[in-house]
2 protein chains.
Amino acid sequence: MRVYTRIMNKSHSCICINLRQASLAITRFYDAVLEPSGLKVTQYSALIAIRQLEPVSISGLAENLGLDRTTLGRNLRVLERENLITFSPGQDQREHTVHLTSQARLALEVAYPLWEQAQAKIRQNLGQPQVEMLKTLLADLEATIA
Amino acid sequence: MRVYTRIMNKSHSCICINLRQASLAITRFYDAVLEPSGLKVTQYSALIAIRQLEPVSISGLAENLGLDRTTLGRNLRVLERENLITFSPGQDQREHTVHLTSQARLALEVAYPLWEQAQAKIRQNLGQPQVEMLKTLLADLEATIA
DNA sequence: TCATAATACGAGTATATACACGCAATTTTT
DNA sequence: AAAAATTGCGTGTATATACTCGTATTATGA
């Protein structure tokens with residue numbers, strides 16, 4: 001008797017798809033809340049990271065953000081075109097170090113209360129302990145595949 | 001699959017960025033594991049959903065997958081080009097209903113044990129109760145912004 | 001019945017993501 | 001010092017995502 005492979009027919013049993021769907025939905029929410037600042041949440045997080053690490057190379061920034069180097073490089077071009085960042089040569093002639101412009105600092109000041117508002121809504125509706133639990137689980141999850 | 005280790009700033013305070021980083025890392029992991037099947041995890045989940053809901057319209061499928069209608073429409077073109085799905089007109093002349101090909105059913109049979117392997121690794125390393133807790137939190141999280 | 005609203009979809013545009021490949025600069029090894 | 005390995009980055013290619021606008025079809029309501 002042949003036993004045919006039983007395939008799960010519920011995509012929501014997939015941990016990855018669960019994560020992706022939540023990630024996309026929450027991203028849409030943050031992008032909508034941040035809209036008056038002209039920044040998307042990906043751009044906001046990149047600018048925050050740059051401000052924190054400046055001066056920083058593209059690869060260093062990518063590692064910090066958990067993104068592929070080439071992905072971040074292309075994302076940064078958008079920010080450069082919008083006059084939010086500039087590049088300058090580093091000590092090492094291979095490196096391009098990234099800098100915030102004053103326009104970016106202004107945009108971050110506009111974006112910050114909006115971002116806080118998004119964070120607050122989730123904290124209030126989900127509960128602070130649940131938010132902390134979620135962060136812990138996400139960190140542990142990433143550790144399982146490292 | 002590359003694992004982008006974030007040395008500095010491991011705990012970001014942004015709930016959205018936490019989610020996105022985990023989502024991208026886990027997606028890279030699933031894509032790498034599924035690679036022998038020729039399917040990416042997004043494609044795998046789309047095909048599973050189609051098999052479950054067939055015959056289904058593009059909009060109906062998009063709703064089920066939590067994706068924008070136009071996003072899914074473009075994703076489906078890739079699957080059509082790869083001869084994994086076909087379209088046919090529905091009762092309603094506006095609708096395009098989606099169908100799996102036998103090639104897709106074969107690909108799913110190849111992909112299934114690989115997908116199970118990815119799921120198992122996470123279940124074993126994170127723990128079944130933690131996986132359930134994560135799913136609950138993600139569902140609750142999405143409810144907070146609805 | 002006819003005007004209007006709602007639905008289903010595609011195209012245009014734009015950002016985000018990442019792998020493979022190649023090149024130039026730097027570091028390490030021999 | 002020369003060879004080899006590593007590092008930093010860009011390009012080519014491809015998929016994924018979603019917003020706006022336009023069009024055709026269907027449903028609804030006056």
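Quick note: numbers below take in every heavy atom, side chains included, and nothing from hydrogens, waters or symmetry partners. Residue numbers begin at 1 in each chain, while the letters A, B, ... track the order of the sequences.
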Once you round it to whole Å, what is the distance between P of D/dG8 and CZ of A/Phe87?
-> 16 Å

B/Leu24 CG - C/dT15 C1' separation (whole Å) | 14 Å

Rounded to whole angstrom units, what separation is found between the OH atom of A/Tyr44 and the P atom of C/dA16?
-> 16 Å

Expressed in angstrom and rounded to an integer, what is the separation of B/Glu82 atom CD from D/dT15 atom P?
-> 7 Å

Charged N to carboxylate O under 4.0 angstrom, B/Arg20 versus A/Glu142?
-> no

Walking DNA chain C from its 5' end, the first of A/Val78 and A/Gln93 to be reached, judged by nearest nucleotide, is A/Val78

Spacing between B/Gln21 atom CD and C/dT17 atom P, to the nearest angstrom | 10 Å

Taking for A/Gln91 and for B/Arg77 the nucleotide of DNA chain C with the nearest heavy atom, the one nearer the 5' end belongs to B/Arg77

For the hydrophobic clusters of this structure (ILVMFWY residues joined by side-chain heavy atoms under 4.5 Å, transitively), does one cluster hold both B/Val78 and B/Leu65?
-> no

Assess whether atom OH of A/Tyr112 is packed by more than 12 heavy atoms of other residues, nucleotides or ligands within 6.0 Å.
-> no

Could you state the atom-to-atom distance from CZ of A/Arg20 to P of D/dA16 in whole Å?
-> 8 Å

On a plain distance test, is the side chain of A/Arg74 in donor-acceptor contact with the base of D/dT15 below 3.5 Å?
-> no

Please answer whether the main-chain N or O of B/Gln103 pairs with a side-chain N or O of B/Asn83 as donor and acceptor at a distance below 3.5 Å.
-> no

Hey, is B/Glu80 close enough to B/Arg74 for a salt bridge, meaning N to O under 4.0 Å?
-> no

Winner on side-chain proximity to B/Arg28, out of D/dT11, C/dT17, D/dA16, is C/dT17

NE2 of B/His96 versus P of D/dT25: gap in Å, rounded?
-> 11 Å

Are OP1 or OP2 of C/dT7 and a side-chain N or O of B/Arg69 less than 4.0 angstrom apart?
-> no

Among C/dT17, C/dC9, D/dC19, the one nearest B/Thr70 by side-chain distance | D/dC19

Would one find a side-chain N or O of A/Thr71 under 4.0 angstrom from OP1 or OP2 of C/dA18?
-> yes

A/Asn75 side-chain N/O to C/dT15 phosphate OP1/OP2 under 4.0 Å = no

Between atom CG in B/Leu61 and atom P in C/dA8, what is the gap in whole Å?
-> 13 Å

Without hydrogens or angle criteria, can the side chains of A/Thr97 and A/Ser57 be said to hold a donor-acceptor pair below 3.5 Å?
-> no

The helix from C/dT1-D/dA30 to C/dT30-D/dA1: angle between end helix axes, five pairs per end, rounded to 10 degrees | 20°

Upstream residue (5' side of DNA chain D) when A/Ala25 and A/Ser57 are each assigned their closest nucleotide = A/Ser57

So does B/Arg94 reach the base of C/dA8 with its side chain, donor to acceptor, closer than 3.5 Å?
-> no

Earlier contact from the 5' end, DNA chain D, for B/Gln43 and A/Asp92 = A/Asp92

Quick one: label B/Thr27 by what it contacts on the DNA or RNA (base, sugar-phosphate, nothing), any heavy atom closer than 4.0 Å.
-> nothing

Side-chain N or O of A/Thr42 closer than 4.0 Å to phosphate OP1/OP2 of C/dA16 = yes

Does B/Arg81 make a side-chain N or O approach to OP1 or OP2 of D/dT15 shorter than 4.0 Å?
-> yes

When we call it a touch if two heavy atoms are under 4.0 Å apart, what does B/Leu67 touch: a base, just sugar-phosphate, or nothing?
-> sugar-phosphate

Taking NZ, NE, NH1 and NH2 as the nitrogens, is one of them in B/Glu132 or B/Arg123 under 4.0 Å from a carboxylate oxygen of the other?
-> no

Measure from the side-chain N and O atoms of B/Ser37 to the backbone N and O of B/Ala111, and report whether any donor-acceptor pair falls under 3.5 Å.
-> no

